[in-house]
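Below is one structure, written out as structure tokens, with a few remarks after it.
On a predicted model such as this, the values are computed, not experimentally measured, just so you know. Letters A, B, ... are given to chains in the order of the sequence lines, protein chains preceding strands, and every chain is numbered from 1.
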There are 2 protein chains.
Amino acid sequence: MTEFNNFFKSAFSVDNVIFGFDEGDLKVLLINRGADPFKGMWALPGDLVYPNEDLDAAAGRVLEELTGLRDVYLEQVNAFGAVNRHPLGRVITVAYYSLIKISNYVVTPASFAQQAKWHSLSSVEALAFDHNEILNACYQRLKQRVRTRPVGFELLPPKFTLTQLQHLYEAILETGLDKRNFRKKILSMNLLVDLDETQEGVAHRPAKLYQFAQERYEKLVREGFSFELKESKRKPTPLLPV
Amino acid sequence: MTEFNNFFKSAFSVDNVIFGFDEGDLKVLLINRGADPFKGMWALPGDLVYPNEDLDAAAGRVLEELTGLRDVYLEQVNAFGAVNRHPLGRVITVAYYSLIKISNYVVTPASFAQQAKWHSLSSVEALAFDHNEILNACYQRLKQRVRTRPVGFELLPPKFTLTQLQHLYEAILETGLDKRNFRKKILSMNLLVDLDETQEGVAHRPAKLYQFAQERYEKLVREGFSFELKESKRKPTPLLPV
DNA sequence: CAGACTTTGCGTGTTTTTTACAAGAAGTCC
DNA sequence: GGACTTCTTGTAAAAAACACGCAAAGTCTG
């Protein structure tokens, strides 16, 4: 039984890659570690999973403590379980990513205490633990998801312009998209509601505002429907090393 | 068992969905549980992760103990961590699937002891724990992978006919494929080597044998290349409930 | 060994999707 | 009112996907 007991000296945690979109740039919310190991380095927000807490719930809790937000898009990506990934013991972590509207984010006590800060994906440097690997895996998953499901809207305010939407896709996919073709394709899916409103306070012709047609989408999904986008041929340099 | 419960805090395990292909049918290797909980029910092969063992290594070990095979295609899919998924305590499991050539499989002591048996995916019934859910997640992942990467070959013998290959795709994708279009598409990818050999022992015109061009594929991937297949419009009933 | 049987192997025309590409319209600012 | 910026829109060409049927190769059997 003592031998058996060895199996239970390990712990599990969740780590959450929280994506936001701002200024045409894909961002991720990182915390600054206040204690060893990796004191002073940036890291993904995460926590040990409580004994009576579902995995998904733990990821949601980490997110909510840091951002005050709940009911946002949250998806499990992978477990990371290399023996030495945590210097203090055996900790297997399950990685999640979430998509939030950055404008809804407010600084919570937890995020203040942990010095949470948004980082452009392109400027993320060496993170604590194996968090670069985790971040990369989550980013790759997002990149793939965004082609096959309309999750991008989770990152935009409720009302947005087609240009904003295109910039979002370009940022995530790291590609350039043709404006006319993009609009044609998106509009032909019939998932956007034209709000008959326009932008305000811009020093040029204001663009029309649209809204994502959530219910219509859910109906289409139930009827079996596939959302898909392809990239153009121009490929800028990747945001993260492959 | 009460003693067990006292010590029991939390543990990790891996579960492995081992796919094989035979008689035009996608199969999965299940074991028959010899002990409670779920005694007598079919279950996915799995094990607790040793304290000093990487997650991936644990999945590989489970596979090798059962099949004697190593160096096969193995991919992590997801972690399953609902609080009550294991009746005896908190066990988070990480699901993997592997693709093996069923003809290479031999009964090992472990598989004999655990009464391992191949089951057609379409005839899998209620499994122990949350293993139906795990199986389904792995199958969905395979279905998606097979469209974007040439992993199907892992399930076929080294030499195969185009018809066998097509049947494999049809089984995995649960769809019908047009023979001429399928052959055109596959051959146009230039990933098959025509072996200049033909089938033997069949009571009809023997088909040509092909081989997957592993090195050529790896070269193409390095150069940035995308493998893709789409389904036809005819949709047979799904193998597993969605 | 001829005829029946099964499975292989192959080409073309049609439709759909993707791509490339530019100019005028609507607002703001000075 | 003129300069400036961004918004909006269509068409033609190329590529990919799709539907579709028949002759040839080999085995079997009587």
Phosphate OP1/OP2 of [N]: any [X] side-chain N/O under 4.0 Å:
X: Lys184(A); N: dT9(D); result: no
X: Lys185(A); N: dT18(C); result: yes
X: Thr198(B); N: dG26(D); result: no
X: Thr161(A); N: dC7(D); result: no

In whole angstrom, give the distance that lies between atom [atom1] of [X] and atom [atom2] of [N].
X: Gln199(A); N: dT5(D); atom1: CD; atom2: C1'; answer: 12 Å
X: Asp178(B); N: dT14(C); atom1: CG; atom2: P; answer: 17 Å
X: Leu177(B); N: dG9(C); atom1: CG; atom2: P; answer: 17 Å
X: Leu162(A); N: dT9(D); atom1: CG; atom2: C1'; answer: 12 Å
X: Phe160(A); N: dC7(D); atom1: CZ; atom2: C1'; answer: 16 Å
X: Phe182(A); N: dT9(D); atom1: CZ; atom2: P; answer: 14 Å
X: Asn181(A); N: dT19(C); atom1: CG; atom2: P; answer: 8 Å
X: His204(A); N: dC29(C); atom1: NE2; atom2: P; answer: 10 Å

Inset, instruction - Would you please say whether a donor-acceptor pair under 3.5 Å links the side chains of Ser123(B) and Ser120(B)? - result: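 Checked: Ser123(B)/Ser120(B) side chains show no N/O donor-acceptor pair below 3.5 Å.
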Inset, instruction - Just compare dT5(D), dA17(D), dG10(D) and give me whichever is closest to any side-chain atom of Arg180(A). - result: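 Nearest to the side-chain atoms of Arg180(A), counting from C-beta on, is dG10(D).
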Inset, instruction - For the residue pair Tyr139(B) and Phe19(B), categorise the inter-ring angle as parallel (less than 30°), tilted (30 to 60°) or perpendicular (more than 60°). - result: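 Tyr139(B) vs Phe19(B) ring planes: tilted.
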Legend entry - Earlier contact from the 5' end, DNA chain D, for Ala203(B) and Leu209(A):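 Whichever sits nearer the 5' end wins; that is Leu209(A).
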Inset, instruction - Take Arg205(B) and Arg183(A), find for each the nucleotide of DNA chain D with the closest heavy atom, and name the residue whose nucleotide sits nearer the 5' end. - result: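 That would be Arg183(A).
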Inset, instruction - Could you tell me whether Lys101(B) atom NZ has more than 12 heavy atoms of other residues or ligands within 6.0 Å of it? - result: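 Yes.
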Inset, instruction - Return yes when atom CG of Asp194(A) has more than 12 non-hydrogen atoms of other residues, nucleotides or ligands closer than 6.0 Å, and no otherwise. - result: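 Yes, enclosed.
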Legend entry - Single hit among Tyr73(A), Tyr217(A), Phe160(A) for ring-ring contact (aromatic ring centres under 6.0 Å, His included) with Phe153(A):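 For Phe153(A), the ring-ring contact (aromatic ring centres under 6.0 Å, His included) test succeeds with only one of Tyr73(A), Tyr217(A), Phe160(A), which is Phe160(A).
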Legend entry - Lys179(A) or Tyr210(B), whichever maps to the more 5' nucleotide of DNA chain C: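 Checking each residue's closest nucleotide, the 5'-ward one belongs to Tyr210(B).
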